[in-house]
Amino acid sequence: MRDARATRPWLRAGWTLLGIPALVLAAAAARADHRFELSVPGRPDLSSTAVLDRDVLTVTDATGRSFRYTRRKQFDTPDGRYHAFFNRRQNQFIRWPVDNQGTMLVGDETGLLWRKSQQQIVPVARVAPGPAPGRGPGRGPIRPGRPGRRAGTAQHLDATVAAGNQLVAHIDDSGTLRVYAGSEDHWSLFDGATAAGLVPGAPITFVEGRRGRPALLTVNASGQLVRIGERSAVTPLFPNVRLLPGSAFAVDQNGPDQFVYAIDDRGRLLEMDPRTSRITPVATDPELMAGGPLTVASRSGRSASQTLLLIDRRGLLIRYDSTPRGWERTPVATGFVPGSQVAWFATGGPVRSAYVAAVDWNGEIQILESAGRNWSRIAPPPVRLTPGEPLAIAATADGPLLSAMTQTGNWMVWWHQPGGTWASRELDRGFPLGAPVRISTETATGFAVDLRGRVIAAHRHDGIWHAYVCRPDVDYTPRLISREVVPNPALPSVNVRLANTGQEELYVQIIDSAATMAPRELQIPAGRTVRERFERDAGARIVETYLVPGPGGVWVEQTDEYELPPQPRYTLVVWAERVTYQYIDRRKKKPIGALPGFDLKTHVSLGVIPLPPGRELKNGTIIDLLAEASFRNNPGAAVWYGPPSEGPTVVPEGTNNGAPLPGAP
């Protein structure tokens, strides 16, 4: 069996991006407390974690602040269903359910007035302490990753090569930065930045730090771009720039020059130079998606032309090029999910070409090849994915290699063959929808984060891919032999009534994360209710078989099973058709051919409503769309899905119908 120390030469060289004493790690692994996630559906910025250890309840919010509540038995509920805890500094009570399920109750300092918390209690299975070498692995389930797209739950990650070692990093569901170092079949974990206010699953990127050592950039819960450097030191950058918490960004590094591109909370596309703190506006287009991902497509020196790619609010793939006259905007293609990711890579050599790929509203992969400023389509792999699904794209001798997750959570790669065909291979199973992947052709290694929040490294050797589990609780890297997701017995579908209790007609998009097509759209007149049928996920069991060290250093197969709770599937996006423009001609004597007055109605976003998973979605449920959208207070989230397909409506003056007016704009 390989000596773990042999894979860490950069430690002996003094490279210390992140480090925790082994004694602290051992003590953390041996704790016998109960851990929980406190989440508000659709609001990852309101998530917290809780640790219940006998008579002490510790709650840590999304910014990393912890609050200690101690037991107060005299304030327990008479029926025994809730135990009471008190925090003196906050003058606040919490009544915690004895069965550790549902929601908690929050009370003031008198212990008399109680309200139901919005946060849902989700038990988190503790990772068992890692085994000593040669004794077999520690058992115990690892918490599942939170599924879902657009909610920051499909975890981003990044990889780099430093001092001869590969590094891969992500921010886990607790907001803890996790960095693994190694190669091929051995990966070691180093923890840090646990109280930095990091956003779970947020985009993260390696950059060159001081003295050439790697550092990391991410966006914290306050919307600040921060650098995480040696010894987990966190340094805010650009204090006058605010991004959405956990916002996406792109980094271009060319020698000593480093530029960060992001769309701030005011919808401005900015170029930021951390070395000089200079901020240069690239575009202020109102169709830009605040917090949306963008891609740095090319650069060969500070004075050379720079290209950025992004998908805006209308689903247009836009190219921004820097020129001596400033930045030029060019639409490239349409039909994409607003704010979805664009994958890009360029080939070297005398004939330099570039490939751009994204998944459109129909779940089809669109691949464009460019030579200079001209683009042409090439035939994609014959597969349908979830609309807007992130892709990884890399280079091979024959052309592009693509990688993504299917609707069933299978990690796939497709590589181009001579003659324009595609070959495919399944790397592993058990991943959330929308999970980003990274593929490095330099090291023939791919990375992704599975449903249980663990980094999976897939390495290609002699034409064969092998998957390895990067586990934080053991000092070796198990090789996955097989992983199956076995569904629980199916739940019956349910009928849900969608009620429009307002005075305006509503448009509702039903986003099905398991579908490979554009969302269904409903029109619900004022005061009306429609009935819709929804499927329900029943959860599953994950059955894993992997190689572990047995007696005498012999590797043996071990099979473990883990429960996977029901997954969210549907999201409702609610819009109102509202008068946003009026034309009134008040002239007493109107000339012949004058345009009559009219109102222009357009779609105004009201909010996004994620439906609960599994048995939490009851048959006969009535959803008051206006009340739910108002309660969630997230109208801006609707732009991630785009407005309904039906365009603006022109209403002539003095009529109540929606017939278009001939000649009207």
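Please read all numbers here as calculations on a predicted model, not as lab measurements. Side chains are part of it too, since the values below use all heavy atoms of this structure and drop only hydrogens, waters and symmetry mates.
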Practice prompt. Mark yes or no for whether Ser322, through its side chain, and Gln306, through its backbone, hold a donor-acceptor pair below 3.5 Å.
Written response: yes

Item to complete: Could you tell me whether a side-chain N or O of Asn362 sits under 3.5 Å from a main-chain N or O of Glu364, the two making a donor and an acceptor?
Response: no

Item to complete: Give the C-alpha distance, both sets of side-chain angles, the deciding distance and a yes or no for side-chain contact (heavy atoms from CB on, under 4.5 Å) between Val342 and Leu317.
Response: CA-CA 8 Å; Val342 179; Leu317 172 60; 3.7 Å; yes

Discussion item. Within this structure, what is the CD1-CG distance for the pair Ile456 and Leu480, rounded to the nearest 0.5 Å?
Written reply: 5.5 Å

Worksheet item: Centroid-to-centroid, Trp327 to Tyr320, below 6.0 Å?
Response: no

Discussion item. Can you confirm whether or not the ring centre of Trp422 sits under 6.0 Å from the ring centre of His416?
Written reply: yes

Worksheet item: So, Gln366 versus Arg377: side-chain donor-acceptor pair below 3.5 Å or not?
Response: yes

Worksheet item: So, Asp428 side chain and Ala467 main chain: donor-acceptor pair closer than 3.5 Å or not?
Response: no

Discussion item. Can you tell me how the ring of Phe447 sits relative to the ring of Trp187, calling it parallel under 30°, perpendicular over 60° and tilted otherwise?
Written reply: perpendicular

Worksheet item: Does the pair Met272 and Arg278 meet the rule for a side-chain contact (heavy atoms from CB on, under 4.5 Å), with working shown?
Response: CA-CA 6 Å; Met272 298 175 282; Arg278 187 182 63 182; over 6 Å; no

Worksheet item: Hey, are Thr307 and Asp321 close enough side-chain-wise for a donor-acceptor pair under 3.5 Å?
Response: yes

Worksheet entry | Residues, nucleotides or ligands: over 12 heavy atoms within 6.0 Å of Arg329 CZ | yes

Practice prompt. Keeping the roles fixed (side chain from Thr334, backbone from Leu316), state whether a donor-acceptor pair exists under 3.5 Å.
Written response: no

Fill in: Distance-only side-chain donor-acceptor flag, Thr445 / His459, under 3.5 Å
yes

Discussion item. Closer than 3.5 angstrom, by distance alone: can the side chain of Glu271 be matched with the main-chain N or O of Ile279 as a donor-acceptor pair?
Written reply: no

Worksheet item: Do the side chain of Arg438 and the main chain of Leu157 share a donor and acceptor less than 3.5 angstrom apart?
Response: yes

Discussion item. Under a 3.5 Å distance rule, please check whether Asn634 uses its side chain to pair with a backbone N or O of Ala637 as donor and acceptor.
Written reply: no

Worksheet item: Tell me, do Ile263 and Leu310 make a side-chain contact under 4.5 Å, heavy atoms counted?
Response: yes

Discussion item. Keeping Thr218 on the side-chain end and Pro203 on the backbone end, is there a donor-acceptor pair under 3.5 Å?
Written reply: yes

Item to complete: Would you mind reporting whether Ile378 and Leu368 have side-chain heavy atoms less than 4.5 Å apart?
Response: no

Discussion item. Closer than 3.5 angstrom, by distance alone: can the side chain of Thr323 be matched with the main-chain N or O of Gly326 as a donor-acceptor pair?
Written reply: yes

Practice prompt. Kindly say whether Pro239 contributes a backbone atom to a donor-acceptor pair with the side chain of Arg242 at under 3.5 angstrom?
Written response: yes

Discussion item. Can you tell me if Arg384 has over 12 outside heavy atoms packed within less than 6.0 Å of its CZ?
Written reply: yes

Worksheet item: Going by the angle between their ring planes, with limits at 30° and 60°, are Tyr180 and His170 parallel, tilted or perpendicular?
Response: parallel

